[in-house]
Amino acid sequence: MLACGVCGWVHYAMTAQEKAQSDRALERYNLSAAESLAYESSFRQCLRCESPVSDFRKARESELTRAAGHLVTPILTDDI
């Protein structure tokens, strides 16, 4: 689990396979360029404060405790 270094929101690092599956599910909608950009950026930034994935770090125990039982959103990262 990863946390945003700015606001502490917890995300999980999705795999390339999960991202590809998500992409395939959207193919039928023929997204516009703006919609595609919004979709792609949602995996590269915090969905709470919009900080870039480069600001993320490993989640602290207190952040994991706070996130328990809540929806944890995916983030796509190469290496953190």
Side-chain angles (χ1 to χ4, degrees):
M1 296 292 202
L2 302 172
C4 174
V6 175
C7 72
W9 195 256
V10 176
H11 302 261
Y12 81 89
M14 71 186 319
T15 66
Q17 182 180 3
E18 288 172 315
K19 174 67 167 68
Q21 184 177 0
S22 180
D23 292 350
R24 283 190 298 276
L26 285 179
E27 285 177 358
R28 65 182 168 166
Y29 296 108
N30 298 316
L31 300 179
S32 69
E35 291 167 329
S36 292
L37 180 61
Y39 168 73
E40 289 298 326
S41 67
S42 71
F43 295 108
R44 298 283 183 182
Q45 65 186 23
C46 177
L47 292 182
R48 184 176 187 203
C49 74
E50 299 182 352
S51 293
V53 72
S54 60
D55 290 347
F56 281 45
R57 57 175 165 64
K58 186 176 177 178
R60 297 180 184 127
E61 191 63 37
S62 61
E63 293 163 334
L64 294 173
T65 300
R66 186 181 69 233
H70 296 275
L71 178 67
V72 178
T73 55
I75 195 79
L76 187 61
T77 178
D78 297 323
D79 291 322
I80 289 189

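Values in this document were obtained by computation on a predicted structure and should not be read as measured data.
- In this structure, CZ in F56 is found 9.0 Å from OG1 in T77, a value given to the nearest 0.5 Å.
- Residues satisfying the side-chain hydrogen bond (donor to acceptor under 3.5 Å, both in side chains) criterion with Q45, sequence neighbours excluded, are absent altogether.
- Under the 4.5 Å side-chain heavy-atom criterion for Ile, Leu, Val, Met, Phe, Trp and Tyr, Y12 and V10 are members of the same hydrophobic cluster.
- In terms of the salt bridge (charged side-chain N to carboxylate O under 4.0 Å, His left out) criterion, E50 has no residue partners (sequence neighbours excluded).
- The side-chain heavy atoms of L76 and V53, taken from C-beta on, include no pair separated by under 4.5 Å.
- Residue V72 is grouped with residue L64 when hydrophobic side chains (ILVMFWY) are merged at heavy-atom distances under 4.5 angstrom, including chains of intermediate members.
- Expressed to the nearest 0.5 Å, how far OG of S36 lies from CG of D23 amounts to 9.5 Å.
- Here S42 contributes atom OG and I75 contributes atom CD1; the two are 8.0 Å apart, rounded to the nearest 0.5 Å.
- Taking the ring-ring contact (aromatic ring centres under 6.0 Å, His included) definition, one finds that Y39 meets it with F43, sequence neighbours left out.
- In terms of the side-chain hydrogen bond (donor to acceptor under 3.5 Å, both in side chains) criterion, residue partners of T73 (sequence neighbours excluded) are, by chain and number, H11.
- Listed by first then second residue, pairs satisfying side-chain hydrogen bond (donor to acceptor under 3.5 Å, both in side chains) with a partner in residues 59-69 read R57-E63, not counting sequence neighbours.
- Other residues, nucleotides and ligands contribute over 12 non-hydrogen atoms within 6.0 Å of the CD atom of E40.
- Here the CG-CG distance, from L31 to L37, works out to 11.0 Å after rounding to the nearest 0.5 Å.
- Taking S32 as the reference, A34, E35 meet the side-chain contact (heavy atoms from CB on, under 4.5 Å) condition, with sequence neighbours excluded.
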